[in-house]
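This one's a predicted model, so the numbers in the text were calculated from it and none came from an experiment. Values below: all heavy atoms of this structure, side chains included; hydrogens, waters and symmetry mates excluded. Positions are given from 1 along the sequence.
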Amino acid sequence: LSSSSADVSREEVQLLRERIAAMRSQVDAQEKRVASQQAAIARSKKTERQLQAVYLTEAEWAAQQMDYDGALDSMWLLLCGALVMLMHAGFAMLEAGCCRSKNAQNVLMKNLVNVTVGTMGWFFFGWGIAFGGDAATGGKALWIGSGQFLSDGFITHSDGVVSALGAPGSGQIRSRQLDWFFQWAFCTAGATIVSGGVAERVRSPTYAAYAFVMAAFIYPVIVAWTWQGGWLSGIFGVGFMDFAGSGIVHLAGGISALAGTMVLGPRKGRFEHPELFEAHSLPLAVLGTFILWFGWYGFNPGSVLGMHDAATGMLAAQVAMNTTLSAAIGGMTVFVLRYFLTHKYDVGGLCNGILAGLVSITAGCGNMQSGYALLTGLIGGFVYQAGSMLLVKFKIDDPVDASPVHMGCGTWACIAAAWFDWGATYGNYHGWNGWSCMTLPDGSCDTHLRGHAMEAQLVFVLAVMGWAGTLSGLTFFILHKTGRLRIDDDTEEMGLDAKQHSPAKAYSIDGPKKASVDKESEKLVEGS
């Protein structure tokens, strides 16, 4: 100790040390108390989270899960329906580009009228005939629907509350409004196919009448027989297979286009001077082809009809892959064939080859391996080329080759869907079951369905051809007998745009330069 603390006794030092030790003990005890309290708080929070995790009852959790599933399905179908609707722009561009410039404006108008009039037909009668089955049969109709016209029953009223059928608590995760929108896009797409086959010589008001009949009656009956669970859905114990509409949409539209063009007859001079009827704008045709190809990703993947689980998502991806492969090989097949036949590059043939591949895979895109998708598109290219050549041979005037693309390849697609089903490797048949085989009552795969599936597809094709071809041909024939189906010779020679439209041209390629030259010419004439 220093001299300044010499007087501090040993006892005081010992006392000071004891006090310091006591204070340290108190601090240690306080730290232990704090740690204990922190642990208690952590346990409390964990217990609270556990209570929250089991807060919902099983029924409440199921209802909440249905809400999520319904929201995902609604988002998916709204997006895909909008993509299918965009295909109308593709049809309009393709048809306008393939026709002569003097009729381009009329072609564009006809495509717009087709959508607007077809929408009215679908609203007034089409949906009810297609999907308005008897409630006693689970909403299915063996032959034709008989309810829900004018959206009857889409909205429910209960205790002052207005809701859509399919709202939470109804046992459904999708509303009828959603299904109406998605199926409307398919209906009007099928009607638009006919437009290309009768282009450049049909009267617009008369064609509008046909578009209404197609959307309101012809197409919906086919849907009632098939997608809505009608007589074709269980034929031969296996039922038809058309995943996204090669037969229901494209074959029906293609055979109707053929019926229309045969009743109308060819354009004046079409086979005497074929060089005068070449496509006036390949840029429009190519743009239309790309838009159609893009829209097909709503047409085919959208037909999984939902997106609320991993299996459905994987199936949609398989469908998209198959669609892409078939379109690519179909386009290349026709492109190469045309080059060998003419020794020139045919861009228009490449466009229609792509569409041929797309139509060919649409029926079987959901039950086919990718290698078979390539083979399907390859054969589809040959089918289209053969059909196109037959039209010329028999002098049937189809300006955009709608019938060989949609009827020819649509027929082939229905056969391929059963022939190349991905259960073939194991002797099974999957069809509508997607990843799973169709089974026997004991749960084992049924190995005796492939022959019946092919029979069902043949009956399906014949039924669609017979119904759509007969009804469309009869409708066009009746309209022809009224004398109001085909334009007169003077209008056909001058062009529909100049004779019936204002302005008289869809566009002026020459632009301002030609206008200035015309003004100078007028001045020279006046001066002379």
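Judged purely by distance below 3.5 Å, without hydrogens or angles, the side chains of Thr376 and Trp412 never pair a donor atom with an acceptor atom. For the residue pair Trp127/Ser151, the side-chain donor-acceptor check at 3.5 Å is not satisfied. Side chains of Thr312 and Asp309: a donor on one and an acceptor on the other come within 3.5 Å. His88 and Thr188 form a side-chain donor-acceptor contact under 3.5 Å, judged by distance and modelled atom types alone. Using modelled atom types and a 3.5 Å distance limit, the side chains of Asp73 and His308 yield a donor-acceptor pair.
The main-chain N or O of Ala417 is found under 3.5 Å from a side-chain atom of Asn367 such that the two form a donor-acceptor pair. Without hydrogens or angle criteria, Asn428 side chain to Cys437 main chain gives no donor-acceptor distance under 3.5 Å. Remark: the backbone N or O of Ser388 is not paired with any side-chain donor or acceptor of Asp401 at under 3.5 angstrom. Not one N or O on the side chain of Ser246 forms a donor-acceptor pair closer than 3.5 Å with the backbone of Asp242. No donor-acceptor distance shorter than 3.5 angstrom exists from the side chain of Asp421 to the backbone of Tyr429, with no hydrogens or angles considered. With Arg176 contributing its side chain and Phe154 its backbone, the two residues share no donor-acceptor pair below 3.5 Å. In this structure a side-chain-to-backbone donor-acceptor pair under 3.5 Å is present from Trp422 to Gly434. Here the side chain of Ser444 pairs no donor or acceptor atom with the backbone of Leu440 at under 3.5 angstrom. Looking at Ser233, its side chain does come within 3.5 Å of a backbone N or O of Gly230 through a donor-acceptor pair. Using modelled atom types, one side-chain atom of Asn322 and one backbone atom of Met368 make a donor-acceptor pair closer than 3.5 Å.
Side-chain contact between Val84 and Met87 is present, with at least one heavy-atom pair separated by less than 4.5 Å. Using a 4.5 Å heavy-atom threshold, the side chains of His452 and Ile235 count as separate. Between Leu355 and Leu94 there is a side-chain heavy-atom pair separated by less than 4.5 Å. Pro399 places none of its side-chain heavy atoms less than 4.5 Å from the side chain of Cys98. When side chains are defined from C-beta on, Ile155 counts as touching Gln177, because their heavy atoms get closer than 4.5 Å. The side-chain heavy atoms of Leu78 and Phe181, taken from C-beta on, include a pair separated by under 4.5 Å. Between Pro404 and Met389 there is no side-chain heavy-atom pair separated by less than 4.5 Å. Looking at Leu264 and Val202, their side chains come closer than 4.5 Å, going by heavy atoms from C-beta outward.
Considering all non-hydrogen atoms of both residues, Gly247 and Phe460 come closest at CA-CZ, 3.9 Å. Across Ser326 and Gly357, no two heavy atoms sit closer than the pair OG-O, 2.6 Å. The minimum heavy-atom distance between Arg174 and Leu178, with the atom names listed, is CD-CD2, 3.4 Å. Considering every non-hydrogen atom in both Ile193 and Phe91, the closest pair reads CG1-CZ, 4.2 Å. The heavy-atom pair separating Val461 from Cys414 by the smallest distance is CG2-CB, 3.6 Å. Across all their heavy atoms, Trp122 and Ala130 have their closest contact at CH2-CB, 4.0 Å.
The number of heavy-atom neighbours closer than 6.0 Å to CZ of Phe236, taken from other residues, nucleotides and ligands shown, is above 12. Within 6.0 Å of atom CH2 in Trp467, more than 12 heavy atoms from other residues, nucleotides or ligands are found, so the atom counts as buried in its surroundings. Heavy-atom contacts from other residues, nucleotides or ligands closer than 6.0 Å to CZ of Phe125 number 12 or fewer. Residue Met262 places its CE atom among 12 or fewer non-hydrogen atoms of other residues, nucleotides or ligands, all under 6.0 Å distant.
Atoms NE2 and CZ, from His430 and Arg450 in turn, are 9.0 Å apart once rounded to the nearest 0.5 Å. How far NE2 of His406 is from CG of Asn352: 8.0 Å, rounded to the nearest 0.5 Å. Within the model, atoms SG of Cys187 and CD1 of Ile248 stand 12.5 Å from one another, a figure rounded to the nearest 0.5 Å. Atoms CE and CG, from Met407 and Asp398 in turn, are 9.5 Å apart once rounded to the nearest 0.5 Å. Between Thr362 atom OG1 and Phe243 atom CZ the span is 10.5 Å, to the nearest 0.5 Å. Put simply, CD1 on Ile379 and CD1 on Ile415 are 11.5 Å apart, with the number rounded to the nearest 0.5 Å.
Just one of Trp227, Trp225, Trp432 meets the ring pair (Phe, Tyr, Trp, His ring centres under 6.0 Å) condition when paired with Phe240; it is Trp432. His250 pairs with exactly one of Tyr219, Tyr384, Phe186, Trp296 by the ring pair (Phe, Tyr, Trp, His ring centres under 6.0 Å) rule, that one being Trp296.
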(message) Working note: Trp435 + Gln318, criterion side chain to side chain contact (heavy atoms under 4.5 Å, CB included); need CA distance, chi angles, decisive distance, verdict.
(response) CA-CA 11 Å; Trp435 302 111; Gln318 179 70 36; 4.2 Å; yes

(request) Begin from the C-alpha positions of Thr411 and Met465 and carry the test side chain to side chain contact (heavy atoms under 4.5 Å, CB included) through to its verdict. (result) CA-CA 9 Å; Thr411 301; Met465 281 187 170; 3.3 Å; yes

(request) Applying side chain to side chain contact (heavy atoms under 4.5 Å, CB included), run through Leu374 and Ser370 and close with a yes or a no. (result) CA-CA 6 Å; Leu374 274 174; Ser370 297; over 6 Å; no

(request) For the pair Ser403 and Leu391, evaluate side chain to side chain contact (heavy atoms under 4.5 Å, CB included) and give the outcome as yes or no after the intermediate values. (result) CA-CA 9 Å; Ser403 48; Leu391 288 183; 3.7 Å; yes

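Between Phe212 and Phe124, the angle of the ring planes lies from 30° to 60°, which puts this pair in the tilted group. Using bins of under 30°, 30° to 60° and over 60° for the plane-to-plane angle, the ring pair Phe477/His480 lands in the tilted bin. Note on ring orientation: taking the six-membered ring where Trp is involved, the planes of Phe290 and Trp293 are parallel (angle under 30°, cut-offs 30° and 60°).
Residues passing the side chain to side chain contact (heavy atoms under 4.5 Å, CB included) test with His448, sequence neighbours excluded: Asp446.
For the side chain to side chain donor-acceptor pair (under 3.5 Å) condition, the pairs that include at least one residue of residues 193-216, sequence neighbours left out, are Glu95-Ser195, Arg100-Glu200, Asn103-Glu200, Asn106-Ser204, Lys110-Ser195, Asn114-Tyr207, Glu200-Arg267, Arg201-Thr261, Tyr210-Ser472.
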